[in-house]
Amino acid sequence: MSPEAQETAKNDPLCGASVYERIYAIICQIPPGWVATYGQIAGIEGHCTPRMVGYALAALNAEGVPWQRVINSAGRVSERSGGGGTATQRLRLMEEGVQFSRGGRIDFESYGWSGPDWEWIRMHGMYAVPAPGQRG
DNA sequence: CACGTGACAACTC
DNA sequence: AGAGTTGCCACGT
């Protein structure tokens with residue numbers, strides 16, 4: 001590891017953090033009015049599966065993490081064991097200006113998050129992944 | 001579009 | 001210390 005990388009790691013609060021903590025940190029990077037998928041978060045983290053992202057969110061009991069901005073690859077909010085949270089999720093997204101199309105789907109071409117800044121990615125040793133539904 | 005299949009950290013005894 | 005339980009998915013066919 002280069003000295004520069006060591007310095008970066010020393011300043012990284014995520015260094016040594018659990019997988020869940022890193023997942024939460026990525027989700028905190030999603031700006032209001034944008035959405036990301038479970039697979040996208042997993043790809044950015046680099047060492048976990050999309051399902052792990054769902055597990056992490058299920059275990060989440062903290063304010064300050066915009067969990068409502070994480071949806072499934074179909075562009076829909078996932079049904080959960082609790083059941084009631086999905087309505088809250090849709091409401092909070094609508095309050096952020098996210099439009100739901102017919103059938104309760106979100107258009108990735110309009111609201112799909114393209115990932116964190118490159119320097120944030122480099123700073124935390126994560127990975128850049130293409131946004132879902134992005135035209136290229 | 002509706003299936004079946006793949007794969008895993010954190011928490012609690 | 002270690003086994004068991006718990007959990008908001010993506011992709012290919």
Side-chain angles (χ1 to χ4, degrees):
Chain A
M1 192 183 280
S2 68
E4 186 184 348
Q6 286 183 355
E7 189 64 24
T8 299
K10 188 165 60 176
N11 295 334
D12 184 6
L14 268 50
C15 182
S18 67
V19 173
Y20 282 17
E21 292 294 331
R22 292 209 303 280
I23 290 173
Y24 300 151
I26 296 168
I27 295 172
C28 286
Q29 297 301 307
I30 308 175
W34 297 81
V35 295
T37 66
Y38 295 89
Q40 190 180 355
I41 302 297
I44 293 168
E45 199 279 338
H47 299 290
C48 75
T49 63
R51 184 159 246 192
M52 287 301 307
V53 179
Y55 295 161
L57 289 180
L60 177 66
N61 72 346
E63 303 289 326
V65 179
W67 53 268
Q68 72 273 18
R69 293 171 201 153
V70 184
I71 61 178
N72 61 34
S73 64
R76 274 192 255 256
V77 301
S78 292
E79 294 296 330
R80 64 203 64 185
S81 57
T86 55
T88 303
Q89 183 170 6
R90 277 190 281 261
L91 181 61
R92 291 176 72 168
L93 285 174
M94 289 174 70
E95 287 174 349
E96 294 182 356
V98 175
Q99 306 257 344
F100 286 79
S101 65
R102 211 168 63 112
R105 266 184 283 118
I106 296 173
D107 183 13
F108 285 119
E109 290 186 359
S110 301
Y111 304 104
W113 183 47
S114 54
D117 301 49
W118 67 266
E119 44 184 355
W120 190 95
I121 292 176
R122 185 188 64 81
M123 180 75 63
H124 298 290
M126 302 212 185
Y127 303 86
V129 298
Q134 203 168 46
R135 281 176 283 204

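It should be emphasised that the depicted structure is a prediction, and the values quoted were computed from it without experimental measurement. Computed over heavy atoms, backbone and side chain alike; hydrogens, waters and symmetry mates excluded. Proteins get letters first, then strands, A, B, ... in listed order; numbering begins at 1 in each.
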Which atom pair, heavy atoms only, marks the closest approach of A:Q89 to A:V70?
NE2-O, 3.0 Å
At their closest point, which heavy atom of A:F108 faces which heavy atom of A:P132, and how far apart are they?
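Taking A:F108 first and A:P132 second, the nearest heavy atoms are CB-O, 3.4 Å.
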Starting at [atom1] of [X], measure out to [atom2] of [Y] and round the result to the nearest 0.5 Å.
{"X": "A:M126", "Y": "A:I44", "atom1": "CE", "atom2": "CD1", "answer": "8.5 Å"}
{"X": "A:T88", "Y": "A:Q68", "atom1": "OG1", "atom2": "CD", "answer": "10.0 Å"}
{"X": "A:D12", "Y": "A:R122", "atom1": "CG", "atom2": "CZ", "answer": "10.5 Å"}
{"X": "A:I23", "Y": "A:L14", "atom1": "CD1", "atom2": "CG", "answer": "11.0 Å"}
{"X": "A:M123", "Y": "A:W118", "atom1": "CE", "atom2": "CH2", "answer": "9.0 Å"}
{"X": "A:I106", "Y": "A:M94", "atom1": "CD1", "atom2": "CE", "answer": "10.0 Å"}

Are A:S18 and B:dA10 close enough that a side-chain N or O sits under 4.0 Å from OP1 or OP2?
yes
Nearest-angstrom distance from the residue atom [atom1] of [X] to [atom2] of [N]:
{"X": "A:N72", "N": "C:dG7", "atom1": "CG", "atom2": "C1'", "value": "16 Å"}
{"X": "A:R76", "N": "B:dC1", "atom1": "CZ", "atom2": "C1'", "value": "11 Å"}
{"X": "A:Q68", "N": "C:dC8", "atom1": "CD", "atom2": "P", "value": "17 Å"}
{"X": "A:I106", "N": "C:dC8", "atom1": "CD1", "atom2": "P", "value": "19 Å"}
{"X": "A:Y20", "N": "C:dC9", "atom1": "OH", "atom2": "C1'", "value": "13 Å"}
{"X": "A:W67", "N": "C:dG7", "atom1": "CH2", "atom2": "P", "value": "17 Å"}
{"X": "A:Y38", "N": "B:dG6", "atom1": "OH", "atom2": "P", "value": "23 Å"}
{"X": "A:L60", "N": "C:dC8", "atom1": "CG", "atom2": "P", "value": "12 Å"}

When the P atoms of C:dT13 and B:dA7 are considered, how many whole Å apart are they?
15 Å
Using atom C1' in both nucleotides, what's the gap between C:dC11 and B:dC1 to the nearest angstrom?
14 Å
Show which side-chain atoms of residues 31-43 of chain A pair as donor or acceptor with protein atoms under 3.5 Å away, not counting sequence neighbours.
from  : atom 1 : to     : atom 2 : distance (Å)
A:T37 : OG1    : A:Q40  : N      : 3.0
A:Q40 : OE1    : A:T37  : N      : 3.4
A:Q40 : NE2    : A:W113 : O      : 2.7

What is the nucleic acid contact for A:T86, judged by heavy atoms within less than 4.0 Å: base, sugar-phosphate only, or nothing?
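Nothing: the residue A:T86, judged by heavy atoms under 4.0 Å, touches no strand.
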In residues 39-58 of chain A, what residues come within less than 4.0 Å of DNA chain B, judged by heavy atoms?
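Result for residues 39-58 of chain A: A:T49, A:R51, A:M52, A:Y55, sorted by number.
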Atom pairs, protein N/O to nucleotides 11-13 of chain B N/O, distance under 3.5 Å:
none

